[in-house]
Each structure stands twice: as C-alpha cells, then as structure tokens.
Amino acid sequence: MNLDDFSDLIERPDGGVRRDAEERRERLNVPVGALGRLDELAEWLSAAQQSAPVRTIEQPRVVLFAGDHGVARLDVSGRAAGTAHELVRATLEGASPLAVLARRYAVPVRIVDAGLDCDPELLPEAVVRTRVRRGSGRIDVEDALTAEEARAAVRLGIAVADEEADSGTDLVVLGDLSVGGTTAAATLIAALCGTDASVVTGRGGAGIDDLAWMRKCAAVRDALRRARPVLGDQLELLATVGGADLAAMTGFLLQCAVRRLPVILDGVVGAAAALVGQRAAFRAPDWWLAGQASGEPAQAKALDRMALNPVLDHGVIVGEGCGALLALPLVQAAAALAAELPEREPDADADAEADADADGNADADGAGDETDGGAQEATG
C-alpha cells in the first residue's frame, strides 16, 4: 500500500459547476454578500455534488473513530490512560455532548473502534469488531503500530468511507473518541510543518494543568525525534507516531475524497489525519471543511497549511465531533437557501424599463406635434 497512489485517484470538486453556482447566486432576490459566508459554503457544496443549484443535505452522518494511545500513560491527558471506551459508552447511551447534539439535530452516529484499550465485552459487537489492535504504542519510545497494523487501519478507514458513500450519506461530520490522541496529533502536525514541540502542544479537550502540559511537550519532543527520519513515507509516519485511529481517519478522509463525499472536520486529531492526507494527495483538502477552531495550536497550524478556514470559533474544546456537528446546521442552511431562494425576473425588469422608455418617447412626440401645430396657425 502506498498512500501516494491516492493523488491519481482524487480530482478537485467541479470548478465549472461552482462557477454556475456563483452565477446563479448573482441572480437571487437576496443581494450578493447579504448572506455572508453562507454563499461560499453553498458554492463549495454545489461543486462537491456536481449540481447547480445545490441539493439540500438529506442524509448527514457523524462518524467517530475511537482509540487509546499509550502515550497517555505519561499523564499528558486530563483523562486516565485506557479510558476512551468510557467516552464511547457515554455516546452510545446518549449521555455525551455529541450524543445530545446529534439527537437534537436528528443525525445518526457511527462509532468505529480502531484501537481501544479495553475488553471487547464492554462494548457492542458492532463497535469493537473493527478493532485493529488493543491500544496504540507509546510514541515517545516505541512505534504506535506495526507496518501491517498501519495498513490494516488505513484499509479500515477506506472501507468505512465506501460503506457511507454506498449507503447514501451525503455529508460526514468526522470526530474522534480518544485519550492521548491530541499528543499524537500534535506530533504529526509538528513533523509535517517543521515546527517545535512547544509551538504545537495544547491542553487537549479534557484540559490539563501546567505540569501536565510540560510533560506533554516533552512527549511530543521525544516523539518528534522518532518521526523526522520517516517523513518521506506517510504510512510509516502513521505507524511510528500516529495510532490506529489516526491511520483509519487518514484512510477515511482520502477515500471520501475519491468518492466525492464532503466531510466536516472537528478538532486537532482530524486535522492531523487530514494533513497526512494532504501530503499524500494535494487535492484532497478541497473536499473537507473545517467545522471549528478548537483552540489547539496544532490544529491552527494544520488548517493554515491546508488553507482551510474554520466555520465557527466559539471556544468549544470538548472534542468528540461537537464543534463540527455545530457547524452542520450552517452548512444545511447554506444549501437550503441556495437551493430554494427564487431568482429575480430580469425580463420583467427589462419590460418595465422598455415601457418607461416608450412612454417617454410618446410624450416627446406629442409635445413635438403640438409645437408644429402652433407654428402652422401662426403662419396662417
């Protein structure tokens, strides 16, 4: 498997359709610019769908990749190592912020176990059957995955993308349920952007104190030393300092681009997978939308590198796909407005102007007739 092969498979969204959408926007009753960024979102979606006018979003889906990271054993996370399954359980039971939002917006949620560190009996078979391995390695001192596990994780992501595309999903909200995932994500982004550990290390969705932040910086620094020698091979990079969930998300994002399935990204973990995907296929980010600015410095670095401008910046750091899901109603609103607002009637306007011109000419002719008559009477 070579991720660079995706570069030949991925095309950009249809530029001609986007121009058609832009021209149609200029004909709507609402003045251009009055809807702000909603116009841009609708045009992006229209190009992805190859449809002008854009089609409304009918079957969105939240897809969450779950995994534990061995680096969490260094106390770099606000949650205890090996407890990502608790996040999964809370989501399944409807008790997590993501679950509440998904219920409110009537969006189904799919959870994919790529590398949870728990007994399979703790979760439904439908979730754990996809697991690549039990937890990912401690990236500061060992590889996250073997080469074969990395390939298996990428293949898992590809399969999930195909299943979603084949089932009729028309937009994906992508998130993660992980413990230690932001440390691995910061390492990947720092390696790909050529940045030091302190520049990309944030405090994660669970929040950490200063001592934990310093431990996290040290872990990213040590992992970076292991990452730099393998920068030329994206798959090896994922195996060395990524993780099963990150590798699966990378495969998922790339295959979504192949299948022309637009994706809303959430936080730093998704941004890291996307950045690896961009390194493999430079056109792929055209199929992705940054749902929110999570406040993580590594995410800001990755989005800047991919030229993705977040839709929202509202201080939500809980992760789990919440920020991306909060952006979904705006994307849906943009699509509905572009699809359903009526166009102006230029013919009617032109007829009115023509009638006005005709009336003006008629008045002028009448005035000329009266002048001619007066002149004749004076002569007589």
Side-chain angles (χ1 to χ4, degrees), residues 1-6 9-10 61-70 84-85 87-88 91-92 108-118 120 122-137 139 143-167 169 172-181 184-185 188 233-259 261 263 265-266 269-277 279-281 284 287-288 320-321:
M1 175 183 289
N2 187 346
L3 295 186
D4 290 339
D5 293 341
F6 278 97
L9 300 174
I10 295 173
R61 174 76 71 96
V62 175
V63 178
L64 305 174
F65 287 89
D68 283 292
H69 294 260
H85 69 279
L87 299 174
V88 173
T91 302
L92 291 172
V109 178
R110 178 178 184 177
I111 301 176
V112 181
D113 177 359
L116 290 172
D117 186 10
C118 70
L122 294 177
L123 296 170
E125 167 64 19
V127 173
V128 300
R129 63 181 175 82
T130 56
R131 183 181 297 179
V132 173
R133 63 172 276 170
R134 180 165 176 163
S136 299
I139 58 174
D143 289 348
L145 309 167
T146 66
E148 181 50 44
E149 287 166 348
R151 287 191 289 270
V154 170
R155 285 195 293 267
L156 168 62
I158 291 171
V160 173
D162 283 334
E163 290 168 6
E164 292 302 324
D166 292 341
S167 68
T169 298
V172 172
V173 174
L174 180 64
D176 70 284
L177 298 170
S178 64
V179 175
L188 286 169
D233 187 324
Q234 292 82 36
L235 199 59
E236 190 173 359
L237 180 65
L238 288 167
T240 303
V241 295
D245 52 347
L246 280 155
M249 292 173 80
T250 302
F252 178 84
L253 283 167
L254 287 170
Q255 188 64 9
C256 281
V258 172
R259 298 296 303 270
L261 179 58
V263 179
L265 303 173
D266 184 43
V269 176
L275 192 60
V276 177
R279 178 64 69 93
W287 296 95
W288 311 328
E320 305 172 25

Qualifying residues under salt bridge (Lys or Arg N to Asp or Glu O under 4.0 Å), relative to [X], sequence neighbours excluded:
X	result
Glu149	Arg133
Asp113	Arg131
Arg129	none
Arg110	Glu163, Glu164

Value rounded to 0.5 Å, distance of [atom1] in [X] from [atom2] in [Y]:
X	Y	atom1	atom2	result
Glu148	Met1	CD	CE	8.5 Å
Asp117	Ser136	CG	OG	9.5 Å
Arg61	Leu174	CZ	CG	13.0 Å
Leu9	Leu254	CG	CG	9.5 Å

Show the nearest heavy-atom pair for residues [X] and [Y], with the distance to one decimal.
X	Y	value
Ala184	Ile139	CA-CD1, 3.7 Å
Leu261	Ala165	CD2-N, 4.2 Å
Ala272	Leu246	CB-CD2, 4.1 Å
Leu123	Cys118	CD1-SG, 4.1 Å
Trp287	Ala257	CD1-CB, 3.6 Å
Val269	Met249	CG1-SD, 3.8 Å

Please tell me if the side chains of [X] and [Y] come closer than 4.5 Å, counting only heavy atoms from C-beta onward.
X	Y	answer
Leu156	Val112	yes
Arg134	Leu116	no
Pro108	Val62	no
Phe252	Ile158	no
Phe65	Val160	yes
Leu188	Leu238	yes
Phe6	Val258	yes

Under the 3.5 angstrom rule, does the side chain of [X] hit a backbone N or O of [Y] as a donor-acceptor pair?
X	Y	answer
Ser178	Ala66	no
Asp266	Gly321	yes
Asp68	Gly135	no

- Query: Between Leu265 and Leu253, is a side chain to side chain contact (heavy atoms under 4.5 Å, CB included) present by the stated rule, with each step listed?
  - Reply: CA-CA 10 Å; Leu265 303 173; Leu253 283 167; 3.7 Å; yes
- Message: Enumerate the side-chain hydrogen bond (donor to acceptor under 3.5 Å, both in side chains) contacts for residues 240-250, please, sequence neighbours excluded, ordered by first and then second residue.
- Response: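 Sorted pair list: His69-Asp245.
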- What do the steps show when you test Val173 against Val63 for side chain to side chain contact (heavy atoms under 4.5 Å, CB included), and what is the final call? CA-CA 6 Å; Val173 174; Val63 178; over 6 Å; no
- Message: Does Leu64 form a side chain to side chain contact (heavy atoms under 4.5 Å, CB included) with Thr91? I'd like the steps, not just the answer.
- Response: CA-CA 10 Å; Leu64 305 174; Thr91 302; 4.2 Å; yes
- Task: Quick one: do Leu3 and Asp5 satisfy side chain to side chain contact (heavy atoms under 4.5 Å, CB included)? Show the steps, please.
- Result: CA-CA 5 Å; Leu3 295 186; Asp5 293 341; over 6 Å; no
- Message: Checking Asp166 now: which residues fulfil side chain to side chain donor-acceptor pair (under 3.5 Å) with it, not counting sequence neighbours?
- Response: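 Expected list: Arg259.
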